[in-house]
Protein chains: 2
Amino acid sequence: MRPKLTDVAKKAGVSVTTVSRVINDYGYISQKTRDKVFAAMEELNYQPNSLARSLHGKSTNLVGLIFPAITNPFFAELVEKIEQKLFSEGYKVILCNAGSDKEKEREYLKMLLANQVDGIIAGAHNLGIDEYNRVGLPIVSFDRKLSEQIPIVSCDNYAGGKLAVQELYNAGARHIYFLGNPHQQGNPTDQRLAGYCDTLETYGLSRHIHTVSFSESPSLKLFSIKRLLQESVADGIVCTDDLTALLVLQAAKELAIKVPEQLKVTGFDGTTQIQLYHPELSTIVQPISDIAELLVEVLKARIKQPTEPLKQMQYKLPVTFLQRNSTSRSN
Amino acid sequence: MRPKLTDVAKKAGVSVTTVSRVINDYGYISQKTRDKVFAAMEELNYQPNSLARSLHGKSTNLVGLIFPAITNPFFAELVEKIEQKLFSEGYKVILCNAGSDKEKEREYLKMLLANQVDGIIAGAHNLGIDEYNRVGLPIVSFDRKLSEQIPIVSCDNYAGGKLAVQELYNAGARHIYFLGNPHQQGNPTDQRLAGYCDTLETYGLSRHIHTVSFSESPSLKLFSIKRLLQESVADGIVCTDDLTALLVLQAAKELAIKVPEQLKVTGFDGTTQIQLYHPELSTIVQPISDIAELLVEVLKARIKQPTEPLKQMQYKLPVTFLQRNSTSRSN
DNA sequence: TTGTATGCGTTATCAT
DNA sequence: ATGATAACGCATACAA
């Protein structure tokens, strides 16, 4: 049995109140008893039971993170940054890898409630608005609208889509395709598509929109991308994420299509990892660290003042373009 | 305020005991009251407070995961698998990204204790034996010896080191270098080095052991690898992880050293992600899914019977070789 | 400066 | 078949 307050009290020869006072540094206590208590705690390797503490009305300092998959480098880096910020603020993280599983996300949501988390940062979005509305807990969403009450942090997806087209155009591409996940209504990532469409229009080019399912197995994805490359006349492709872009590069290589001479490609996300291990890929870089920081800041504000009306519904962070070889100008 | 048992009881017009009975499916209750109670719960969106529950002696069904960095694809895949297994067993995961920070790992360990986790799976190892011994909680370690009392799950690192050398040798390499993290005493990963050394000896070749710090920044790592390639006569390199191997490939490319003609390279880990996005890299594949499953199984056993003496101290899972172009035979 | 008693939300024992 | 109540480990109002 783990030692409890009474055990420490007994060992130190004082009352539980005194021990509690020492632990929480509250009220008046003599240095002598303080020392005695610390010695007893040390000897027993005592750790206050934070469950009992929270039951008493104290907050748990627990934050739930709901994301689709940490094996995706983008989410891995984002989650890691979030975890770091939260840790430095005294919060601990319960990680919920919801995948694209509605039921699992629901389960996790219930679990987080049951564990009295102080708040939730949601990056997976399989559930509907009302389910999130019922939670009744501070929530901040990454990159997706969950409800009218839940603030969203994301990068400037529209600017990203626009920038990608501009860069491809400037590099000489005139048949610019869009390749991404099937889009869902009302999500900020749709803005990437909107940016693409609008910008094409200003150039007087026509749009070509193709989708590959995010959840599809990568080898299937590779297969459909190859078919796309064979059947199309694309000389530029805007991908909605880096992994898809890498598959395009791979497909092009297998088909002996030269990048960037015959085909220029941009990714989206710009994780440190892919920047480093795929230095050939141009991409729209999301400010992952800033996003993480902002998510945490906004959540903290909601936790502190849950009833306060939202100052701001959406926070959009700027993107940048990372010029690499896959979009080099070929003369 | 979140609804509590009394609220549900009041709404359903029964006592708290009855509600508790319904929730836990315990004792006798008429279908009629059962329905009433469920209706009330539904209406209030009631979630039992698992803190109060655990306070009463129930287990939290919480498992702590301590790992160095989920941005490393290997850990990302391992953690994701572990999380999946645990979830399907009814456990939730507290993720502790300890980095290589001793203090953070210590903090996390205390936090997990305070949150009454049922057990811990430890994959980061900055702390000493005694700190883990004091925990007094079911722990299973991945790939590292933490104490006499803590079971270890790992792949067969020795076989991995051996296999790598064999494959390089068979592909024609005769100056086979070892490139990895600086090794620490008594850890299973040292076995990779041992396997390398022993196997070289059977071939009558001499050993060349080089280290690059794991925590070093990748661009620094790349730099020192380039220097190594320039100064050495290596025609084969055994890397202790895939990311290092990728840096070697990159360095070779920049130095116009042809792989596999002039230099053959093997990685270690074999994550799905790197297999897919770096199809040129030969590697020793760890059975990640099996490792995850075994970690969870062993932990479950410890949780069920914490006092039972360990049946087995070490569990070694077999590795396989994935033959790709970086070790192709060049005639 | 220190100790006693009560309550947090839930489960379990005992009664009805 | 259902209800009253003690206990879980801790924090705090109140008392000493």
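Excluded from the calculations below are hydrogen atoms, water molecules and symmetry mates; all remaining heavy atoms, backbone and side chain alike, are included. Letters A, B, ... mirror the listed sequences (proteins, then strands); counts begin at 1. Bear in mind that the values here come from a model prediction, so they are computed numbers and not experimental data.
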Sidechain N-carboxylate O distance under 4.0 Å for [X], [Y]:
X	Y	value
A:R34	A:D25	yes
A:E131	A:K110	no
A:K102	A:E105	no

Practice task
Indicate the ring-plane relationship of A:F67 and A:F142, choosing parallel, tilted or perpendicular according to the 30° and 60° boundaries.
Solution key: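 Aromatic pair A:F67/A:F142 classed tilted.
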Exercise for the section: Go through the N and O atoms of the side chain of B:S30 and the base of D:dA1, and report whether any donor-acceptor pair is under 3.5 Å. Expected result: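 By the distance-only test, no, there is no pair.
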Exercise for the section: Classify the side chain of B:R21 and the base of D:dT2 as holding, or not holding, a donor-acceptor pair under 3.5 Å. Expected result: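 Looking at the base of D:dT2, it does pair with a donor or acceptor on the side chain of B:R21 (distance under 3.5 Å).
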Does [N] have its OP1 or OP2 closer than 4.0 Å to a side-chain nitrogen or oxygen of [X]?
X	N	answer
A:R53	D:dC10	no
A:S20	D:dA11	yes
A:N49	D:dC8	no
B:Y46	C:dT10	yes
A:T33	C:dT2	yes

Nucleotide nearest [X] when distance is taken to its side chain, options [options]:
X	options	answer
B:H56	D:dG3, C:dG9, D:dA13	C:dG9
A:Y26	C:dG9, C:dT13, D:dT12	D:dT12
B:L55	D:dC8, C:dT11, C:dG3	D:dC8
A:T17	D:dA11, C:dT10, D:dA13	D:dA13
B:S15	C:dG3, C:dT10, D:dG3	D:dG3
B:Y28	D:dT5, D:dT2, C:dG3	D:dT2
B:K58	C:dA12, C:dG3, C:dT1	C:dA12

Between [N] atom [atom2] and [X] atom [atom1], what is the distance in whole Å?
X	N	atom1	atom2	answer
B:Q31	D:dT2	CD	P	11 Å
A:M41	D:dC10	CE	P	11 Å
B:K10	D:dT2	NZ	C1'	18 Å
B:R34	D:dT2	CZ	C1'	14 Å
A:R2	D:dC8	CZ	P	16 Å
B:L113	D:dC10	CG	P	13 Å
A:Q116	D:dG9	CD	P	19 Å
A:L51	C:dG7	CG	P	22 Å

Handout entry: Position toward the 5' end of DNA chain D (nearest nucleotide), A:Q47 or B:T18
Key =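 It is B:T18 whose nearest nucleotide is closer to the 5' end.
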Practice task
Assign each of A:N24 and B:V14 to its nearest nucleotide of DNA chain D by heavy atoms, then name whichever residue's nucleotide is nearer the 5' end.
Solution key: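 In this pair, the answer is B:V14.
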Practice task
Check step by step if side chain to side chain donor-acceptor pair (under 3.5 Å) holds for A:T60 and A:N115.
Solution key: CA-CA 8 Å; A:T60 55; A:N115 281 280; over 6 Å; no
Problem - B:D7 (side chain) donor-acceptor with B:P3 (main chain) under 3.5 angstrom - result: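 Side chain of B:D7 to backbone of B:P3: no pair is present.
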Practice task
Assign B:L5 to base, sugar-phosphate, or nothing according to its heavy-atom contacts below 4.0 angstrom with the strands shown.
Solution key: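 Answer is base: heavy atoms of B:L5 come under 4.0 Å of a base.
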